[in-house]
Student: 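Let me begin by handing over the structure; questions about it come next.
In what follows, chains carry the letters A, B, and so on, assigned in the order in which the sequence lines appear, proteins first and then strands, with residues in each chain numbered from 1.
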Protein chains: 2
Amino acid sequence: MKRKITLKQIAKELDVSISTVSKALRNSIEISEDTRQKIQAFAKLYNYRPNNIALSLKNRKTKTIGIIIPEIVHHFFSKVITGIELVANKRGYNVIVGLSNESFDKEVINMQMLANGSIDGFILSIAKETLQQQDYHHFTETINQGMPIVMFDRVVNEIPCDKVIVDDVKGAKEAVEKLITNGCKNIAIITTKDYVSVGRLRTQGYLEALEDHKINAKSSLILKIEDKLMSDDHIDKLENEVEQLFESNKDIDGVFAVNELYAVTAIKVARKLGLKIPNDLQVISFSDGVLSRHSTPSITTISQHGQAIGEKAANLLINRLEAEEVDYDDETEEVYETVVIETNLTERESTK
Amino acid sequence: MKRKITLKQIAKELDVSISTVSKALRNSIEISEDTRQKIQAFAKLYNYRPNNIALSLKNRKTKTIGIIIPEIVHHFFSKVITGIELVANKRGYNVIVGLSNESFDKEVINMQMLANGSIDGFILSIAKETLQQQDYHHFTETINQGMPIVMFDRVVNEIPCDKVIVDDVKGAKEAVEKLITNGCKNIAIITTKDYVSVGRLRTQGYLEALEDHKINAKSSLILKIEDKLMSDDHIDKLENEVEQLFESNKDIDGVFAVNELYAVTAIKVARKLGLKIPNDLQVISFSDGVLSRHSTPSITTISQHGQAIGEKAANLLINRLEAEEVDYDDETEEVYETVVIETNLTERESTK
DNA sequence: TTGTAAGCGTTATCAC
DNA sequence: GTGATAACGCTTACAA
């Protein structure tokens, strides 16, 4: 078992100085053709690779990006990671992942672990608990320490950083308009509590669409789910709530769900109650994943393009990281970007 | 914007030496109560945290685990990551993720990027392309350099490392036996090409189950899919192949699918052909995710417990990492463990 | 009780 | 053309 070889060892073996080896390997013209060749050959033989950690310490940058997301077992988030990883790798960065599990404490701890030198910047989506408590000091702190953050999907305006979001209001509006156009008269929405920004905005889009078409919103048709994490218990609870919704509103003929799981649940419950889809009930969902595509009936969706979001976020972050190097942290007023990724409607079997 | 504070700065501010600061912060009894208090207060005020990179360099270990998986947009793999992250965090480790995208080259490059000091060990599942080419030099090399690897799910025996697998043969057998017990006479299998070990083993389990029940296996009932990555094109192709299978074997009354997607596809195609589930056709799938649980009909599965696999893999790796510290790399014959995680049958609507 | 110095692996500056 | 030295931030013998 040969341990990884270092400059020092090469230097000793070849009886030259460390700096000579370093220069030779970086092809410095300072070094004679001869020694260069010799050193490079030796290094190749022993499969020398510079130690990343040493480089990170020296350069005060790690070339790695920290990702903090609420959970990873979720198509949207894993798509985003795929996108981030794609451009990160292309641009020479690694990706280190922390999961907050929707918990404020875990989010804080994870960020602290990574912020102490392990990474150059964050890409993150905020935990529900954090959104609820509205305690964002850990974000402002890391930003104040000069570590840039890019937020995506679940963002909060007051934090000065780049953001990548989808136009939730517009997407929701489009979905509901589709239902209206398709003849739905009593459209329910299954959404999250308002402190989750995407839920709130999609609810807003729903309301706006109704208003635009002079339809009165009925509060009984608006079901706001309290969901922390989707455990089995929560799923049972979800089903009950949805069943309640249908039972007390027999005339529902359209459902707009803010995520796939809600949509699938709505369909399941509706079927149990004997409703035919899409004839008796049409369903559209905001979505990110396989569920809508592969379930039967497949579900018409407003798709979020998670991978595109990830790619954009990574590019924003890396651009900022590499820009910092140039302008010697002068006190120019930093200006942050909020990029909106377009959604689009994919029609499948759950609508007419 | 205050940059992260260092020992050096604290030392200067308080007019003591760096080592005094270091010791004071680590609560060394060498330092007088007085200065200790003073230094700790100051450090707290400025929110001092030791720089991870410097620690990694000093300690020659990073306390981070490298994960290399084929893809992340996949419930099984993201569950595994969840499991790894859970125990890694609990034991003070971080997790850095690289995706091979099923490509040999990306797997090699990703491992090289990480092996140069960024991590202490790997947890990985082998890319299909690598399995196909049977080129495992990158694994043996990193192991030879003293960096431990734990493989899971897609493993290869000749590599000396710990492994975490499910008992694919047994699980498959159980699935097929269930179908037989439920009265199926013509059971088809939808599996992968044989170079994917899990596919091969599950196929083997299928064959064994048939044999045990004195049923002759028919090659026309064995559909081996060539899948690299599930792009849209591949999915269309998959549907065609499955349709072919049903068309040319009208008497199929049971399907054992080695993964969810194949199962969902089988159901979709079967319905298109007018088959009722589970009356005309029963389906069981190896599985990892939401699809089987939330699709309609929900699918009876052999579940893989991805999270448990991840937890076990992380524990094996960290145990090995922390054991190494003790036995001063003496040449004791290393002995590696292969842990088998039990599967279990979850009955849902796709079987009687 | 406090400080000095070496070392982790690298690169950059400057001297020879 | 080559080498010594300092520095990145930290810990830890060893001195003082």
Student: Scan A/Thr35 against the nucleic acid and name what it touches under 4.0 Å (heavy atoms): base, sugar-phosphate only, or nothing.
Tutor: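 It contacts sugar-phosphate atoms only.
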Student: Among B/Asn52, B/Asp120, B/Asn94, exactly one meets side-chain hydrogen bond (donor to acceptor under 3.5 Å, both in side chains) together with B/Thr62. Which residue is that?
Tutor: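 In the set B/Asn52, B/Asp120, B/Asn94, the residue that makes a side-chain hydrogen bond (donor to acceptor under 3.5 Å, both in side chains) with B/Thr62 is B/Asp120.
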Student: Show me the pairs that pass salt bridge (Lys or Arg N to Asp or Glu O under 4.0 Å) and involve residues 155-165 of chain A, at least two apart or across chains.
Tutor: A/Asp162-A/Arg320
Student: Taking NZ, NE, NH1 and NH2 as the nitrogens, is one of them in B/Glu129 or B/Lys106 under 4.0 Å from a carboxylate oxygen of the other?
Tutor: no
Student: Are more than 12 heavy atoms, taken from residues, nucleotides or ligands other than B/Asp34, located less than 6.0 Å from that residue's CG atom?
Tutor: no
Student: Could you note down all residue pairs passing ring pair (Phe, Tyr, Trp, His ring centres under 6.0 Å) where residues 3-28 of chain B supplies at least one of them, sequence neighbours left out?
Tutor: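 Pairs touching residues 3-28 of chain B that pass the test: none.
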Student: For a quick check, with a 4.0 angstrom heavy-atom cut-off, what is the B/S/- contact string for nucleotides 7-13 of chain D, read 5' to 3'?
Tutor: BBBBBBB
Student: Could you note down all residue pairs passing side-chain hydrogen bond (donor to acceptor under 3.5 Å, both in side chains) where residues 10-19 of chain B supplies at least one of them, sequence neighbours left out?
Tutor: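 For residues 10-19 of chain B: B/Ser17-B/Ser19, B/Ser17-B/Thr20.
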Student: Which heavy atom of A/Ile65 sits nearest a heavy atom of A/Tyr93, and at what distance?
Tutor: CG1-CD2, 4.1 Å
Student: Of all residues at least two apart in sequence or in a different chain, which pass the salt bridge (charged side-chain N to carboxylate O under 4.0 Å, His left out) check with A/Glu107?
Tutor: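 Expected list: none.
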Student: Reading DNA chain C in the 5' to 3' direction, which nucleotide is the first one with an atom under 4.0 Å from a heavy atom of chain B, and which is the last?
Tutor: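 With heavy atoms of chain B under 4.0 Å away, the range is C/dT1 to C/dG9.
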